[in-house]
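These values consider heavy atoms only, across backbone and side chains, with no hydrogens, waters or symmetry-generated copies. We name chains A, B, ... by the order of the sequence lines, and we start the count at 1 in each one.
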Protein chains: 2
Amino acid sequence: MNRRMSPEARREALVQAAIRVIARGGVAAATTRAVVAEAKMPLGAFHYVFTSRDELLSEVVHTITDGERMAAELALLEGAGLEATVAAALASYLDLLIADPDRELALTELSLYGLRHDPALARRQHQLYFLEMEAVLRQVAERCGIRWTEPLPELARRLIVVTEGITGTWLADRDTDAARGVLRAVAAWVAASAERVDA
Amino acid sequence: MNRRMSPEARREALVQAAIRVIARGGVAAATTRAVVAEAKMPLGAFHYVFTSRDELLSEVVHTITDGERMAAELALLEGAGLEATVAAALASYLDLLIADPDRELALTELSLYGLRHDPALARRQHQLYFLEMEAVLRQVAERCGIRWTEPLPELARRLIVVTEGITGTWLADRDTDAARGVLRAVAAWVAASAERVDA
DNA sequence: TCGCCTTTTGGACAGTTGTCCAAAACTGGC
DNA sequence: GCCAGTTTTGGACAACTGTCCAAAAGGCGA
């Protein structure tokens with residue numbers, strides 16, 4: 001449409017439009033026509049910018065699994081105890097999930113799409129979550145003055161597993177109270193794998 | 001095809017064919033033509049037996065979430081301790097997952113499909129998992145001579161959450177050792193919510 | 001064997017999809 | 001204002017989809 005829009009800006013606009021379309025109606029709904037309509041671009045703009053629909057979807061997958069998701073979604077409280085800090089971080093993730101379920105549903109669908117389309121890439125992107133979670137755990141330890149008594153990768157994996165599980169379960173039954181209950185129990189569980197470190 | 005096949009048998013055959021097709025290529029691949037080809041039936045047989053593709057997919061969703069999945073996948077060992085019993089049950093589920101990942105991937109996809117197509121039904125079907133898990137936990141308690149010290153629904157939910165999480169994580173990274181590690185830790189966690197009951 | 005009724009079939013149809021590309025719109029230099 | 005070169009567009013195309021239905025095949029009593 002707008003002639004002054006740079007090619008990169010157009011790619012980005014289409015990717016964002018695709019994410020909105022997918023959130024609304026699933027990956028299947030993200031047809032070339034639906035996406036350009038959402039982005040208010042002419043049909044021709046699609047293959048002017050992307051060589052194929054698959055390329056767009058790959059870029060979408062890449063965009064939403066980009067580096068800082070986990071860290072952004074797990075907000076850390078200032079100056080609370082260990083268990084409260086972990087619980088608050090998980091709660092902040094749950095709040096995000098509740099605030100925009102369609103987005104997280106789209107994310108899950110896209111993750112499955114990636115798993116089918118390019119398993120190697122999906123695996124690589126998935127590794128990022130573990131690294132991010134480890135970083136968060138390191139931050140938590142520092143802030144709360146504790147040391148983890150179990151290998152960080154194992155703790156991180158447990159939290160990733162639980163996060164994925166809570167997401168899937170809540171998306172299915174929308175039982176927020178129950179989700180918060182699980183979340184509190186998990187926080188206590190994780191907090192048990194730490195010991196105070198003397199300053 | 002075979003004239004002697006009863007209508008119900010034909011429905012069932014198409015449903016099973018659809019599950020295989022979906023496991024192989026996702027829900028999108030389950031076109032009417034692909035399904036009848038997999039079932040070695042003529043195209044016309046499809047709408048002779050189902051009124052629409054959606055009806056088939058609904059039946060598929062209903063079939064795979066049918067009543068005894070959880071119980072069947074969580075095998076209980078005879079005569080082991082509590083933690084070992086829980087660990088073994090989770091391990092038996094993991095073994096099934098590893099043995100047929102495509103099937104479980106298809107199941108996840110179908111669950112998402114159901115969530116979009118008919119959220120109310122999906123929620124109802126999801127409830128079954130909790131009930132089944134509670135039943136399994138009751139069985140475990142009886143066999144191991146213990147009493148759960150936390151509400152059964154909460155324990156069941158934690159296990160469902162973890163099961164879903166382990167499934168999603170393993171499907172993404174195929175790290176079996178790590179999955180077993182999580183599983184052991186979860187078994188210990190759950191086992192901590194029990195007390196011996198004197199006979 | 002014939003005729004009649006039910007079951008079964010695959011060709012046809014309208015709609016949608018991803019993709020291409022000839023033409024239109026636009027740009028900047030003269 | 002005009003032209004050569006570039007960017008942008010939306011109509012066209014072939015492939016595929018779900019669905020329908022007229023015709024073919026099959027069964028069965030006579």
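Here the side chain of B:R11 pairs a donor or acceptor atom with the backbone of B:V49 at under 3.5 angstrom.
The side chain of B:T31 has D:dG18 as its nearest neighbour among C:dT9, C:dT19, D:dG18. Proximity note for B:Y48 (side chain, C-beta onward) versus C:dT19, C:dT7, D:dG18: the nearest is C:dT7. In this structure, the nucleotide among D:dC13, C:dG10, D:dG18 sitting nearest to the side chain of A:R33 is D:dC13. Minimum atom distance to the side chain of B:L43 is reached by C:dG10, of the listed D:dG18, C:dC20, C:dG10.
Separating the NE2 atom of A:H47 from the C1' atom of D:dG11 is a distance of 15 Å, rounded to the nearest angstrom. Rounded to an integer number of Å, the gap from B:F50 CZ to D:dC20 P is 15 Å. The separation between A:E55 atom CD and C:dC20 atom P is 12 Å, rounded to whole Å. The separation between B:L57 atom CG and D:dT17 atom C1' is 14 Å, rounded to whole Å. To the nearest angstrom, C1' of D:dG18 lies 10 Å from CG of B:D54. Remark: P of D:dG18 and CG of B:L14 are 13 Å apart, rounded to the nearest angstrom. Note: CZ (B:F46) to P (D:dC16) measures 19 Å, nearest angstrom.
Residue A:A29 is the one, among A:A29 and A:T51, whose nearest nucleotide of DNA chain C lies closer to the 5' end (criterion: closest heavy atom). Map A:G44 and A:A28 each onto its nearest nucleotide of DNA chain C; the residue landing nearer the 5' end is A:A28.
For A:R138 and A:E142, the salt-bridge test fails: no basic side-chain N is under 4.0 Å from an acidic carboxylate O. Residues B:R180 and B:D95 are paired through a salt bridge, judged by an N-O separation under 4.0 Å between the basic side chain and the carboxylate.
Counting heavy atoms from C-beta on, the side chains of A:F50 and A:T32 never come closer than 4.5 Å. You'll find the side chain of B:Y129 stays beyond 4.5 Å of the side chain of A:T169, heavy atoms only.
Under 4.0 angstrom from either OP1 or OP2 of C:dT8 there lies at least one side-chain N or O belonging to B:R10.
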